[in-house]
A.B. asks: 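Got a structure for you, written out below as structure tokens; questions coming shortly.
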2 protein chains.
Amino acid sequence: MSDGAAPPVTPGRGRRPSRATGDDRELAILATAERLLEERSLSAISVDDLARGAGISRPTFYFYFPSKDAVLLTLLDRVVAEADATMGAVFDSPAAGPREAWQRALAAYYDTFRTHRALTVAWAEARSTSGAVRTLWAEVFERWVQRCATSIEAERARGAAPAGPAARDLAIALTSMNERVIYASLSGDGPAVADEDVVPVLLRVWLTAVYGSPPD
Amino acid sequence: MSDGAAPPVTPGRGRRPSRATGDDRELAILATAERLLEERSLSAISVDDLARGAGISRPTFYFYFPSKDAVLLTLLDRVVAEADATMGAVFDSPAAGPREAWQRALAAYYDTFRTHRALTVAWAEARSTSGAVRTLWAEVFERWVQRCATSIEAERARGAAPAGPAARDLAIALTSMNERVIYASLSGDGPAVADEDVVPVLLRVWLTAVYGSPPD
DNA sequence: GAACGAGTCAACGGGGTGTCGAGATACGGG
DNA sequence: CCCGTATCTCGACACCCCGTTGACTCGTTC
């Protein structure tokens with residue numbers, strides 16, 4: 001249990017592996033971050049808070065992570081991996097019809113982020129301060145957009161959906177809506193759609209946008 | 001030209017009026033903020049930068065504004081006033097048909113924020129750090145949502161639009177999409193819809209969401 | 001038991017915020 | 001003309017946070 005197996009957590013994101021008791025400390029930092037994020041925003045959490053929460057001093061924190069953002073990034077890697085896995089499973093599994101397919105995809109997307117509420121909110125917040133966080137978000141967004149654009153094009157090709165704006169642009173607009181609506185619902189800031197109405201409303205807009213013809 | 005007339009700029013937002021040369025300093029600070037925001041993000045601008053840009057020392061800055069956020073808030077008041085005026089004009093003026101009405105509203109909305117690109121981007125950024133900024137945003141969002149929800153309900157009442165999700169929820173979802181798509185387009189972060197395609201794509205989604213029936 | 005590497009932290013330097021209190025400056029009235 | 005008052009200004013301070021350095025403690029290995 002000391003070494004041997006490949007590191008199970010956070011494969012990428014360039015950080016030196018640490019062995020022996022170091023792993024415990026690292027996990028303690030991550031757990032502290034996740035716990036503190038439940039009660040306050042990322043900007044209200046200092047490196048000192050994370051260090052003390054993990055039972056170490058501030059300089060020692062820097063032995064494990066290069067910055068506060070890196071901790072968030074490591075935490076986000078897990079969520080992203082989970083989201084990608086869920087997304088892949090949903091898109092690849094057969095569905096009774098397009099309506100059900102989109103419905104399942106939306107519900108899975110929402111569920112993933114809802115089960116990591118604090119992290120999702122912190123993600124959105126850190127996007128404006130950390131380039132790495134912004135990049136990670138852009139990657140995830142791009143993957144989702146491409147999947148959706150492909151699906152839209154497929155529906156158009158088989159004559160199920162009418163022509164319209166470039167599939168990619170449509171996918172970007174609709175994915176942006178998802179993101180913002182979900183964030184508002186999770187963060188509680190400002191007007192938001194009620195929790196149980198999020199998926200139905202998003203679904204309705206997606207379906208009409210993809211399959212409906214505009215009036216006139 | 002010293003005093004006499006009511007203060008033309010920033011009527012609300014609780015700040016003590018100052019007369020004589022003080023007005024100049026205040027305006028210099030605002031101008032500096034607007035200028036610096038064109039080149040870097042708000043968090044990369046220090047109070048010292050604003051003070052030096054306006055030709056005063058840092059403590060003197062605090063004589064005019066209680067914080068950096070307050071400067072942004074004052075700047076935003078102008079944009080909000082402009083947006084509200086434009087929005088009111090668009091909604092009140094008669095249109096050839098619903099399509100044109102929505103098209104004009106969307107275009108006006110987009111134009112307002114595009115002509116204040118730097119400020120809009122800073123607004124979104126500061127939303128996560130300043131409660132006052134967040135509140136201002138929520139107010140603007142809420143006004144827009146209510147206008148749209150009312151219009152959707154009117155269309156449904158006259159039989160032009162089919163029944164569907166609560167008009168307010170639909171308005172929230174679509175307005176969220178507007179906001180996010182516009183922000184992405186203006187900030188240049190991550191995948192975005194090209195400048196000239198923003199309004200057409202948004203319009204298409206709005207029209208199908210409001211007037212189109214879902215498949216199946 | 002010496003050498004080494006992992007882990008630890010007090011102390012430092014640098015940058016940011018917001019405040020305080022002492023001075024400058026302008027101006028109207030005695 | 002001079003004086004009081006309100007406006008304005010800033011040097012210096014206290015505080016918070018970040019990230020680094022260099023010395024120190026351990027456990028392991030040869």
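Per chain, numbering begins at 1; letters A, B, ... match sequence-line order. Values in this document were obtained by computation on a predicted structure and should not be read as measured data.
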A.B. asks: How close or far is atom P of C/dT25 from atom CZ of B/F63, stated in whole angstroms?
C.D. replies: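 For the pair B/F63 CZ and C/dT25 P, the rounded distance is 16 Å.
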A.B. asks: Which nucleotide sits closest to the side chain of A/S46: D/dT20, D/dC17, D/dC8?
C.D. replies: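 The closest nucleotide is D/dC17.
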A.B. asks: Just the rounded figure in Å: distance from P of C/dA26 to CG of B/D24.
C.D. replies: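 Taking atom P of C/dA26 as the reference, CG of B/D24 is at 14 Å.
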A.B. asks: CD1 of A/I29 versus C1' of C/dG7: gap in Å, rounded?
C.D. replies: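 The answer, rounded to whole Å, is 12 Å.
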A.B. asks: Round to a whole Å and report the spacing from CZ of A/R25 to P of C/dC9.
C.D. replies: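 Those two atoms, CZ and P, are 8 Å apart.
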A.B. asks: Let me know the distance between OH of B/Y62 and P of D/dC13, rounded to the nearest Å.
C.D. replies: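 Atom-to-atom, B/Y62 to D/dC13, this comes out as 18 Å.
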A.B. asks: Is a side-chain donor-acceptor pair under 3.5 Å present for B/R104 with B/S93?
C.D. replies: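 The answer is yes; a qualifying pair exists.
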A.B. asks: Name every residue in residues 47-59 of chain B that has at least one heavy atom under 4.0 Å from any atom of DNA chain C, in order of residue number, or write none if there are no such residues.
C.D. replies: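 Hits under 4.0 Å, by residue number: B/V47, B/R58, B/P59.
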A.B. asks: Using a cut-off of 6.0 Å, state whether more than 12 heavy atoms not belonging to B/R40 lie near its atom CZ.
C.D. replies: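 Enclosed: over 12 neighbouring heavy atoms sit under 6.0 Å from CZ of B/R40.
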A.B. asks: Looking at D/dT9, I'd like to know if its phosphate oxygens (OP1 or OP2) sit under 4.0 Å from a side-chain N or O belonging to B/Y64.
C.D. replies: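 For D/dT9, OP1 or OP2 has a side-chain N or O of B/Y64 closer than 4.0 Å.
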A.B. asks: Scan B/T60 against the nucleic acid and name what it touches under 4.0 Å (heavy atoms): base, sugar-phosphate only, or nothing.
C.D. replies: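 Base: the residue B/T60, judged by heavy atoms under 4.0 Å, touches a nucleobase.
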A.B. asks: Tell me the interatomic distance from A/K68, atom NZ, to D/dC17, atom P, rounded to whole angstroms.
C.D. replies: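 Atom NZ in A/K68 sits about 9 Å away from atom P in D/dC17.
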A.B. asks: Rounded to whole angstrom units, what separation is found between the CG atom of B/D23 and the P atom of D/dT7?
C.D. replies: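 Interatomic distance, CG of B/D23 to P of D/dT7: 13 Å.
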A.B. asks: Can you confirm whether the side chains of A/W102 and A/E155 place a donor and an acceptor under 3.5 Å from each other?
C.D. replies: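 There is no such pair between these side chains.
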A.B. asks: In the structure I gave you, are the side-chain heavy atoms of A/R35 and A/T32 within less than 4.5 Å of one another anywhere?
C.D. replies: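 Contact flag for A/R35/A/T32 side chains = yes.
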A.B. asks: Apply side chain to side chain contact (heavy atoms under 4.5 Å, CB included) to the pair A/V140 and A/R143, showing each step before the final yes or no.
C.D. replies: CA-CA 5 Å; A/V140 173; A/R143 278 200 290 274; 3.9 Å; yes
A.B. asks: May I have the distance from A/L42 (atom CG) to D/dC17 (atom C1'), rounded to whole angstrom?
C.D. replies: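 Interatomic distance, CG of A/L42 to C1' of D/dC17: 14 Å.
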A.B. asks: Salt bridge or not for A/E142 and A/R147, using N-O below 4.0 Å?
C.D. replies: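 Judged by the 4.0 Å cut-off on N to carboxylate O distance, A/E142 and A/R147 do not form a salt bridge.
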A.B. asks: Among B/L30, B/V47, B/L76, which residue satisfies the side chain to side chain contact (heavy atoms under 4.5 Å, CB included) criterion with B/V71?
C.D. replies: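 It is B/L30; the other options fail the test.
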